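This one's a predicted model, so the numbers in the text were calculated from it and none came from an experiment.
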Amino acid sequence: ALFLLHGFTGSVASWTSHIERYAGEFTCIAVDLPGHGATASPADPARYAMERVVDDLTALCAHLGLDKAAWLGYSMGGRLALGVGVLAPQIVSALILEGASPGLADPAERAARVASDEFLAQRLERDGLVPFIDFWERIPLFATQERLPAERREALRRQRLNNNPLGLANSLRGMGQGSQPSFHTRLSAICVPTLLLAGEEDAKFRALAQEMAAAIPNARFSTIPNAGHAAHFEQPAIFDDLVLSFLRQHSVGAFS
């Protein structure tokens, strides 16, 4: 089994074309995270906390009769997949983390990020979903997507707009980088095979991926050329080749 966890403003639709490639070899389970897609958008930001969502995913594994699974996550979903690896290692056979982060180790930096995420959450609630997505699409993190054909960018925009503004606001509050636990000191305890991925033009997260790959005992790092933060979206064929090669290499016994 392979769980797929999307990024902020994403949904299970983010993985549709990838699942088409993976499903011939692996049982794919894509999840709408709290506040996204068809999953509920609770009014309490605490319900979005990473620890609570890891508990939800652990319960989902049990409900599906799965002892272990591989976990693939992008950005927010990458941070969450890492959280599953640290907080619920008993259900993890392998990790694939794209554009992920182990959180913020410095308390002052964490507090600043909480304040920044709260500002964005209030902006979303005040202005509404469309103006927020207009802003979100233009942040420097996604600048490389301007090279993509207009129809692909418009399809991504439709996915982003198919979300609940309350859910997105509370996702920022409950699962932002300032709110999540810092996993820096716990990376060395991850013993499953781990693949760290980042776009070559995503300098910040490329550096973070290299740092995590050095700290996790059974990890390796690969860069995806001509891509920024959303490498799976910008270079899907290269991304899928890397993911499938990794899963095939570690499938014998690891996913039993």
Query raised in the report: Salt-bridged, Arg110 to Asp106, with N to O below 4.0 Å?
Result: no
Requested in this report: Check whether Ile133 and Leu141 end up in the same hydrophobic cluster, where Ile, Leu, Val, Met, Phe, Trp and Tyr are linked by side-chain heavy atoms less than 4.5 Å apart.
Outcome: yes
Query raised in the report: Could you state the interatomic distance from NE2 (His232) to CD (Glu98), rounded to the nearest 0.5 Å?
Result: 5.5 Å
Report task. For the pair Glu201 and Arg147, find out whether any cationic side-chain nitrogen is under 4.0 Å from an anionic carboxylate oxygen. Result -> yes
Query raised in the report: Quick check: does any side chain N or O of Ser75 sit under 3.5 Å from a backbone N or O of Gly77, one acting as donor and the other as acceptor?
Result: no
Report task. Using the ring of Phe135 (Phe, Tyr or Trp, six-membered ring only), decide whether Arg123 places NZ or CZ under 6.0 Å from its centre and within 45 degrees of its axis. Result -> yes
Query raised in the report: Mind checking whether Ser11 and Asn162 have side chains closer than 4.5 Å, heavy atoms only?
Result: no
Query raised in the report: When clusters are formed by joining ILVMFWY residues with side-chain heavy atoms under 4.5 Å apart, either directly or through shared neighbours, do Leu72 and Phe233 land in the same one?
Result: no
Query raised in the report: Does any non-hydrogen side-chain atom of Trp71 lie less than 4.5 Å from one of Leu80?
Result: no
Query - Heavy-atom side-chain proximity of Ile96 to Leu247 below 4.5 angstrom - result: yes
Query raised in the report: Taking 4.0 angstrom as the limit, do Arg157 and Asp134 come out as a salt bridge?
Result: yes
Query - Check: His18 main-chain N/O paired with Asp240 side-chain donor or acceptor under 3.5 Å - result: no
Report task. Assess whether ring-ring contact (aromatic ring centres under 6.0 Å, His included) is satisfied between His229 and Phe205, documenting all intermediate values. Result -> CA-CA 8 Å; His229 188 60; Phe205 287 90; 4.5 Å; yes
Requested in this report: State, to 0.1 Å, how close Leu82 and Ser101 come at their nearest heavy-atom pair, and which atoms those are.
Outcome: CD2-O, 3.8 Å
Query raised in the report: Are Leu64 and Leu57 connected in a single hydrophobic cluster, I mean Ile/Leu/Val/Met/Phe/Trp/Tyr linked by side-chain heavy atoms less than 4.5 Å apart?
Result: yes
**Report entry** Co-membership, hydrophobic cluster, residues Ile139 and Leu156, 4.5 Å side-chain
**Finding:** no
**Report entry** Minimal non-hydrogen separation, Leu33 against His6, with atom names
**Finding:** N-NE2, 3.0 Å
Query raised in the report: How long is the span from the CG atom in Leu124 to the CG atom in Asn164, to the nearest 0.5 Å?
Result: 9.5 Å
Requested in this report: Please check if Ile216 and Ile91 belong to a single hydrophobic cluster, counting links between Ile, Leu, Val, Met, Phe, Trp and Tyr side chain heavy atoms closer than 4.5 Å.
Outcome: yes
Requested in this report: Verify ring-ring contact (aromatic ring centres under 6.0 Å, His included) between Tyr22 and Trp15, making sure each step is shown before the conclusion.
Outcome: CA-CA 10 Å; Tyr22 306 158; Trp15 299 114; 7.8 Å; no
Query raised in the report: Should the pair Glu200-Arg206 be classified as a salt bridge under the 4.0 Å nitrogen-to-oxygen rule?
Result: no
Query raised in the report: Could you walk me through whether Asp117 and Ser179 pass the side-chain contact (heavy atoms from CB on, under 4.5 Å) check?
Result: CA-CA 9 Å; Asp117 286 340; Ser179 300; 5.7 Å; no
Report task. Evaluate the side-chain contact (heavy atoms from CB on, under 4.5 Å) criterion for residues Phe3 and Cys61: first the C-alpha distance (whole Å), next the side-chain angles of each, then the deciding distance (0.1 Å), finally the verdict. Result -> CA-CA 10 Å; Phe3 276 85; Cys61 262; 3.6 Å; yes
Report summary line: Rounded to the nearest 0.5 angstrom, the OG1-CG distance for Thr39 and Asn163 is 10.0 Å
Query - Lys/Arg N to Asp/Glu carboxylate O, Glu125 vs Arg173, below 4.0 Å - result: yes
**Report entry** Which atom of Tyr48 lies closest to which atom of Ser41, heavy atoms considered
**Finding:** OH-C, 3.0 Å
Query raised in the report: At what distance, to the nearest 0.5 angstrom, does CG of Leu196 lie from CE of Met212?
Result: 5.0 Å
Query raised in the report: What distance do Gln145 atom CD and Glu137 atom CD have between them, rounded to the nearest 0.5 Å?
Result: 8.5 Å
**Report entry** Smallest separation among heavy atoms of Ala81 and Leu97, with atom names
**Finding:** CB-CD2, 3.7 Å
Requested in this report: Keeping the roles fixed (side chain from Asn170, backbone from Pro42), state whether a donor-acceptor pair exists under 3.5 Å.
Outcome: yes
Query raised in the report: After noting the C-alpha distance and the side-chain angles of Val12 and Gln159, does the key distance pass the side-chain contact (heavy atoms from CB on, under 4.5 Å) rule?
Result: CA-CA 9 Å; Val12 298; Gln159 288 180 26; over 6 Å; no
Query - Validation row: Val31, Leu4 side chains within 4.5 angstrom (heavy atoms) - result: no
Query raised in the report: With a 4.5 Å heavy-atom cut-off, do Phe183 and Leu87 have their side chains touching?
Result: yes
Requested in this report: Answer yes or no: is there a side-chain heavy-atom contact under 4.5 Å between Glu211 and Leu187?
Outcome: no
Query raised in the report: How far apart are the closest heavy atoms of Ile224 and Ala231, and which atoms are they?
Result: CD1-CB, 3.6 Å
Query raised in the report: Do the side chain of His36 and the main chain of Thr9 share a donor and acceptor less than 3.5 angstrom apart?
Result: yes
**Report entry** Test item: Val192 and Leu95 side chains (from C-beta on) under 4.5 Å apart, heavy atoms
**Finding:** yes
Query raised in the report: What closest approach, in Å, do Ala1 and Ile29 show between heavy atoms, and which atom pair accounts for it?
Result: CB-CD1, 4.2 Å
Query - Side-chain donor or acceptor of Arg160 paired with backbone N/O of Trp136 under 3.5 Å - result: no
**Report entry** Atom pair CG/CD of Leu242 and Gln235 - distance to nearest 0.5 Å
**Finding:** 11.0 Å
Query raised in the report: Is there a donor-acceptor pair under 3.5 Å between the side chain of Thr58 and the backbone N or O of Val54?
Result: yes
Query raised in the report: So, Arg79 versus Gln177: side-chain donor-acceptor pair below 3.5 Å or not?
Result: no
Query raised in the report: Going by heavy atoms in the side chains, are Pro165 and Phe132 under 4.5 Å from each other?
Result: no
Query raised in the report: Could you walk me through whether Val92 and Lys68 pass the side-chain contact (heavy atoms from CB on, under 4.5 Å) check?
Result: CA-CA 5 Å; Val92 179; Lys68 291 180 182 290; over 6 Å; no
